[in-house]
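Every number for a ligand or one of its atoms is a count from 1 in the order of the listing.
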Amino acid sequence: MRVDIISIFPEYFTPLDVSLIGKARHRGILDIRLHQLRDWTDDVHRTVDDTPYGGGPGMVMKPEPWGAAIDSVIGPASPPPRLVVPTPSGRPFTQELALEYAKEPWLLFAPARYEGIDARVMAEYGSRLRVDEVSIGDYVLAGGEAAVLVIVEAVGRLLPGVLGNAGSVVDDSFAPGAMAGLLEGPVYTKPPVWRGHEVPPILLSGNHGAIARWRRDEALRRTVAKRPELAARLDREALDKRDREVLDDASFRFTPEDMAD
Ligand code: ADE
């Protein structure tokens, strides 16, 4: 997969040299190219921002450097990349979207600083390529760069050959599959007793069926405790008798609205 990132802080992306993503780059699975937005300005101050029309606080990123930078990066190539613009006012970035991005051959990220990018940039490219304005959560960062790091890591680990153990993607919280819609439960490793805390004995039993059931029970309990809105969206047809007992035991009730859908 090719990934281009245009930013006024290309040095922000040094973490992409490290660990899983760094290795994927070395192996040629990920081809990440960083670009300095200011290289596409033509004044001595290399200006990328200006005051907002209509007034208000902060500065807005000018359309001309972004237009020149994006044109230059995408060139005459066909098909063009999918353009991802991180912003707190975008659609939520989810595991589902990460899986979708992992199938793309080419992503182009346009992280903004200040109050955002002049909206005409998204309008201009919206007619030529797929443009996604994406939020990584309901909080406001100082810029989109950290959001790009999050998205590239979430997508990169899904690329074939990046994770050593392919099974670990399947069991992820939020991944589709048998555990779909459930948070992953607790995990343990050696030693069996640490500072008086024991590993749940079932995990040492060697009984794989009972272990799978215990893990599902824990996932159900944790989902009810930490993300009750996710529990409310579980497919009730897919719950077995034991699932219902665990939910009952955790005092979880589907509300009348949930019953209706
Ligand atoms: N830029 C600033 N805050 C952001 C957020 N929550 N998600 C994506 N981009 C952002």
Between the side chains of [Y] and [X], is the shortest nitrogen-to-carboxylate-oxygen separation below 4.0 Å, so that they form an ion pair?
X      : Y      : value
Asp217 : Arg222 : no
Arg242 : Asp240 : no
Asp71  : Arg128 : yes
Arg82  : Asp132 : yes
Asp17  : Arg25  : yes

Report task. Could you establish whether Gly143 and ligand 1 come within less than 4.0 Å of each other, counting only heavy atoms on the residue side? Result -> yes

Are any of the N or O atoms of [X] closer than 3.5 Å to those of ligand 1?
X      : answer
Ile136 : yes
Ala147 : no
Val134 : no

Query raised in the report: Can you list the ligand 1 atoms lying under 4.0 Å from a non-hydrogen atom of Pro86?
Result: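 Per the distance check, 8 (C), 9 (N).
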
Requested in this report: May I ask you to list the atoms of ligand 1 that are less than 4.0 angstrom from any heavy atom of Ser135?
Outcome: 6 (N), 7 (N), 8 (C)

Nearest neighbour in protein (non-hydrogen) for [atom]:
atom                   : value
atom 6 (N) of ligand 1 : Tyr139 O, 2.8 Å
atom 9 (N) of ligand 1 : Thr87 N, 3.2 Å
atom 3 (N) of ligand 1 : Leu141 N, 3.0 Å
atom 1 (N) of ligand 1 : Pro88 CD, 3.5 Å

**Report entry** Phe9 six-ring centre to Arg113 NZ/CZ under 6.0 Å and within 45° of normal
**Finding:**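 That pair does not qualify as a cation-pi contact.
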
Query - Non-hydrogen side-chain atoms of Leu203 and Arg215 separated by less than 4.5 Å - result: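 In contact.
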
